[in-house]
Amino acid sequence: MLHGQIDALIKDAIQSAFNQAAEFTIDAPKNPEHGDFATNAAMVLTKLVQKPPRVIAEALAEQLRSHSQVIAKVEVAGPGFINITVTREALYQTVRDVLAAGDRFGQQEKPQGKKVLVEYVSANPTGPLHLGHARGAFVGDAVSRLLQAAGFAVTREFYTNDVGNQVNILARSIYLRYRELFGENITLDKDAYPGAYVIDIAKVLKEEDGDKWLTASEDEWRPRCLAIGLRENLKGIRESLEIAGIQIDSWFSEGSLHEQNRISELITSYRKLGMLYEAERAEGTDEKIRREDSKAANYAHQQKGGTFLRTAQFGDEEDRILVRANGEPVYLAADLAYHKTKFDRGFDWMIDVFGADHSGHIPRIRAGMRALELDDKKLQFVCVQMVRLIRNGQEVKFSKRSGQIYLLSDLIEEIGSDAARFIFLMRAPDTQFDFDLDLAIKQSSDNPVFYTQYGHARMATLLRRAEEAGKSFGGLARLSDEALAKLVLPEERNMLKKMGLFPDVVMRSALSLEPHRMLHYCQDLIGEFHTYFTKYRHTERVISDDALLTEGRLAMVAALKQTLHNALSLLGISAPEYMHAPEEKAE
RNA sequence: GCGCGGUUAGCUCAGUUGGAUAGAGCGUUGGCCUCCGGAGCCAAAGGUCACAGGUUCGAAUCCUGUACCGCGCACCA
């Protein structure tokens with residue numbers, strides 16, 4: 001691709017002029033006077049070469065000028081920028097490249113040869129997915145898709161906390177609701193799950209088992225309530241993910257770690273490495289850390305000592321307990337055992353998508369892995385920040401306590417999965433933002449989702465119109481150089497150039513784990529097209545009596561449409577061929 | 001008190017990893033349909049990039065400190 005070619009040429013130039021290698025950037029400048037591509041290579045080299053940047057730039061420019069089939073003009077400007085203008089032929093080649101690659105345009109053709117695990121959602125199976133899970137779910141899904149396109153072998157995993165306190169509380173909540181269904185007056189425990197879905201699960205239990213648990217002891221009913229609770233909740237979670245278009249390849253059960261003794265194995269490993277000690281409390285904790293206003297103080301009375309892991313040696317604030325005094329491992333022990341399996345399973349890169357409220361876990365997990373002498377640089381965490389939901393210009397508040405939750409499935413039903421995805425992915429993961437429901441529903445230009453999809457539909461219509469007029473685009477095989485040579489407008493040049501940047505955008509979005517870059521690219525590309533389309537609607541129409549010109553422009557439109565389609569589908573957003581006009585508002 | 005994230009136009013957010021004159025959408029004001037989709041486009045107004053230092057050819061971007069906002073700081077998961 002063009003960007004890659006330029007990159008290679010600059011590398012060669014640096015090599016042959018100075019016998020060096022350097023990290024430089026290639027920009028597509030917004031100012032057209034600065035050419036199609038600009039590089040800071042000369043400025044980066046000043047320290048290595050010990051010469052003024054402009055001198056270096058001139059030397060590199062001289063090298064670059066020899067590649068006249070790709071590069072038309074090279075200029076040195078400002079403090080030492082090298083501005084490169086490419087030949088029209090090179091730009092025309094990207095049209096052919098796009099059409100030849102089709103749906104695979106933008107994807108890395110050669111595999112990276114690396115296995116990546118992306119873990120996301122990992123919601124407790126104690127209830128349905130709600131808005132709090134949505135952002136992480138969409139980001140995790142999009143990051144996975146991007147990494148796949150970048151040539152990685154990706155596994156998408158959901159870790160299920162199917163043992164422990166929370167699910168026991170769920171079991172108990174179900175049982176209480178079950179008794180209620182038989183006419184009993186119940187009082188929910190204060191930590192019980194109040195949601196209506198618990199009643200639904202209780203109904204299923206009643207349907208399947210009748211009244212057989214009414215007289216049973218807790219030891220008897222609990223396993224059954226737990227099992228049916230997990231089954232029903234996981235079923236609901238799967239359904240929600242499916243309607244949201246979020247894929248999961250692998251469901252990893254915390255319970256399986258216990259069954260396979262992974263946790264006791266882990267503890268043995270730590271013990272052999274001398275990383276454990278028995279104590280009443282973590283060594284070295286002082287009162288400064290355990291302040292009155294720290295949350296820890298509120299639970300001090302529950303701390304009874306046990307086996308500690310020396311995480312403080314590896315960057316954690318303090319050592320963490322792994323096994324309680326009664327021999328029961330804590331959640332962290334299972335989580336560390338889980339993360340160890342990621343290394344055991346041979347992944348080269350492991351990504352956890354966390355909500356901001358779990359960011360506190362990161363140092364512990366890293367420390368736990370380093371204590372096992374594993375390379376924690378292979379672990380990477382994407383923290384998605386909180387989202388405020390806005391309706392009618394007001395923040396919508398939720399509270400689990402009162403059962404006031406907004407479900408992921410409700411969101412999809414209300415605004416559709418394309419809009420939900422687009423809006424969640426539009427923002428950088430690590431910034432908070434306001435999610436405006438009214439805007440998302442609006443089928444108008446204020447809504448970036450529709451703006452972008454509309455652009456795609458508009459291109460599709462153009463190709464349909466051409467077909468109706470008997471001037472349909474004949475495809476790559478029949479595309480002639482003469483037709484492409486007709487693309488001479490500055491806007492056309494710009495769009496061709498942007499299109500050529502797409503594979504680079506995919507790589508950048510993937511490697512930086514920032515899907516929003518892709519959507520900004522989409523909006524940018526589509527904006528160019530809308531401008532072009534409107535500006536020339538009277539003078540330079542795509543479909544005209546000039547057969548060659550029409551062929552060239554249709555080829556460009558087909559390539560643009562393909563690029564936009566690929567960009568959107570890489571994020572799981574649909575690219576419609578046709579969109580219905582909104583109904584006129586009756587006034 | 002400590003840790004993580006944030007602070008850029010009236011609002012919501014970008015800013016290509018340190019580059020050229022800081023951008024987009026919405027909102028405001030004013031324009032553009034004999035037309036391949038006006039669901040669009042063009043133009044104008046709007047900025048002390050939170051504040052103060054520092055690093056260098058060059059800082060919204062990097063380092064330090066301060067202020068404010070969010071999240072977290074449990075032997076819950």
Side-chain angles (χ1 to χ4, degrees), chain A residues 25-31 33-34 38 40 43-44 46 52-53 77-81 83 124 126 161 163-167 169 191 254 281 288-300 302-306 317 320-326 328-332 334-335 355-363 383 385-386 388 390 426-428 430-434 436 439 443-448 450-451 453-455 457-458 461-462 464-466 468-469 501 504-505 508 512 516-517 520-521 523-524 527 530-535 537-538 541-544 578-582:
Chain A
T25 60
I26 301 174
D27 297 341
K30 356 182 210 302
N31 188 339
E33 286 171 25
H34 297 156
N40 64 348
M43 273 123 52
V44 175
T46 43
F81 288 102
N83 294 333
N124 276 338
T126 51
N161 304 120
V163 291
N165 234 341
Q166 304 294 334
V167 287
I169 293 170
D191 54 357
E254 182 186 350
R281 58 192 303 181
K288 270 185 233 155
I289 293 171
R290 302 257 170 174
R291 286 255 176 201
E292 298 264 319
D293 51 357
S294 164
K295 218 175 165 186
N298 303 331
Y299 296 91
Q302 292 181 10
Q303 300 171 0
K304 300 200 170 77
E317 282 178 345
R320 302 288 164 183
I321 190 158
L322 272 196
V323 187
R324 296 182 183 100
N326 64 7
E328 205 183 317
V330 302
Y331 168 79
L332 177 64
D335 210 20
D357 54 344
H358 284 68
S359 58
H361 294 257
I362 295 170
C383 277
Q385 293 293 323
M386 300 289 149
R388 295 198 314 165
I390 309 289
M426 195 166 63
R427 308 302 184 198
D430 57 3
T431 56
Q432 299 165 227
F433 75 98
D434 290 354
D436 188 336
L439 179 61
Q443 306 225 345
S444 76
S445 62
D446 342 349
N447 185 343
F450 287 91
Y451 177 78
Q453 290 186 325
Y454 169 64
R458 209 176 197 189
T461 302
L462 208 40
R464 275 199 306 272
R465 289 273 177 275
E468 286 160 17
L501 291 174
D504 192 52
V505 174
R508 279 178 197 272
S512 63
H516 73 282
R517 290 166 183 272
H520 285 284
Y521 173 80
Q523 291 180 82
D524 192 30
H530 283 310
T531 300
Y532 167 77
F533 188 87
T534 308
K535 179 171 176 182
R537 67 221 284 217
H538 299 301
R541 298 165 65 90
V542 170
I543 302 165
S544 67
Y578 185 83
M579 290 175 84
H580 294 278

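Convention: sequence-line order gives letters A, B, ...; per-chain numbering from 1.
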**Prompt:** In what stems does RNA chain B take part, counting only runs of at least 3 consecutive Watson-Crick or G-U pairs whose two distances fall under 3.5 Å?
**Reply:** B:1-7 with B:67-73, B:10-13 with B:23-26, B:28-32 with B:40-44, B:50-54 with B:62-66

**Message:** Under 4.0 Å, counting only non-hydrogen atoms across every strand here, what does A:H516 touch: a base, just sugar-phosphate, or nothing?
**Reply:** sugar-phosphate

**Asked** In chain order, what residues pass the side chain to side chain donor-acceptor pair (under 3.5 Å) check against A:N161, with sequence neighbours excluded?
**Response** A:E254

**side-chain contact (heavy atoms from CB on, under 4.5 Å) against A:P52, all qualifying residues, sequence neighbours excluded** = A:V55

**Prompt:** Which part of the nucleic acid, if any, lies within reach of A:T126 when heavy atoms closer than 4.0 Å are counted: base, sugar-phosphate only, or nothing?
**Reply:** nothing

**Prompt:** Do the rings of A:Y451 and A:H530 sit parallel, tilted or perpendicular, given the 30° and 60° boundaries?
**Reply:** tilted

**Prompt:** Counting any heavy atom closer than 4.0 Å, what does A:R537 reach on the DNA or RNA strands: base, sugar-phosphate only, or nothing?
**Reply:** base

**Asked** What nucleic acid atoms does A:R508 come within less than 4.0 Å of, heavy atoms only: base, sugar-phosphate, or nothing?
**Response** sugar-phosphate

**Asked** Base, sugar-phosphate, or nothing for A:V542, non-hydrogen atoms under 4.0 angstrom?
**Response** base

**Message:** Going by the rule ring-ring contact (aromatic ring centres under 6.0 Å, His included), which residues pair with A:H520 if we only count those two or more places apart in sequence or in a different chain?
**Reply:** A:H516

So which protein nitrogen or oxygen atoms get under 3.5 Å of nucleotides 20-22 of chain B's nitrogens or oxygens?
{"unit_1": "B:A20", "atom_1": "N6", "unit_2": "A:N83", "atom_2": "OD1", "d": "2.5"}
{"unit_1": "B:A20", "atom_1": "N1", "unit_2": "A:N83", "atom_2": "OD1", "d": "3.3"}
{"unit_1": "B:A20", "atom_1": "N1", "unit_2": "A:N83", "atom_2": "ND2", "d": "3.1"}
{"unit_1": "B:U21", "atom_1": "O4", "unit_2": "A:N31", "atom_2": "ND2", "d": "3.4"}

**Other residues, nucleotides, ligands: >12 heavy atoms within 6.0 Å of A:E33 CD** = no

**Request:** Under 4.0 Å between any heavy atoms, over every strand shown, what does A:Q453 touch: base, sugar-phosphate, or nothing? Just pick one.
**Result:** nothing

**Asked** For A:K535, which contact category applies under a 4.0 Å heavy-atom criterion: base, sugar-phosphate, or nothing?
**Response** nothing

**Item:** Partners meeting ring-ring contact (aromatic ring centres under 6.0 Å, His included) with A:F533 (sequence neighbours left out)
**Value:** A:F529

**Message:** Test of understanding: with ring-ring contact (aromatic ring centres under 6.0 Å, His included), list the residues that count as partners of A:Y521, not counting sequence neighbours.
**Reply:** A:F502

**Request:** Mind checking A:V44 for me? I need base, sugar-phosphate or nothing, with any heavy atom below 4.0 Å counting as a touch.
**Result:** nothing

**Prompt:** Heavy atoms under 4.0 Å, any strand shown: does A:D434 hit a base, just sugar-phosphate, or nothing?
**Reply:** sugar-phosphate

**Fill in**
Sorted by chain and number, sequence neighbours left out, salt bridge (charged side-chain N to carboxylate O under 4.0 Å, His left out) with A:D524 holds for A:K498

**Asked** Base, sugar-phosphate, or nothing for A:M426, non-hydrogen atoms under 4.0 angstrom?
**Response** nothing

**Prompt:** Can you tell me if the side-chain N/O atoms of A:R324 get under 4.0 Å from OP1 or OP2 in B:C76?
**Reply:** yes

**Fill in**
From the candidates B:A74, B:G72, B:A14, the one with an atom nearest any side-chain atom of A:D357 is B:G72

**Prompt:** Any donor-acceptor pair under 3.5 Å between the side chain of A:Y299 and the base of B:A74?
**Reply:** yes

**Fill in**
side chain to side chain donor-acceptor pair (under 3.5 Å) filter on A:R537, not counting sequence neighbours, yields none

**Item:** Counterpart residues, side chain to side chain donor-acceptor pair (under 3.5 Å), relative to A:D357 (two or more places apart)
**Value:** none

**Asked** Does A:N40 have any side chain to side chain donor-acceptor pair (under 3.5 Å) partners at least two apart in sequence or in another chain, and if so, which?
**Response** A:T25

**Integer angstrom distance from the P of B:G31 to that of B:A50** = 37 Å

Within the sub-3.5 Å range, which N or O atoms of nucleotides 3-10 of chain B have a protein N or O partner, and how far apart are they?
{"unit_1": "B:G5", "atom_1": "O2'", "unit_2": "A:Q385", "atom_2": "NE2", "d": "3.4"}
{"unit_1": "B:G5", "atom_1": "O2'", "unit_2": "A:D430", "atom_2": "O", "d": "2.5"}
{"unit_1": "B:G5", "atom_1": "N2", "unit_2": "A:Q432", "atom_2": "OE1", "d": "3.3"}

**Fill in**
Among the nucleotides B:C75, B:G19, B:C41, whichever has the atom closest to the side chain of A:Q303 is B:C75

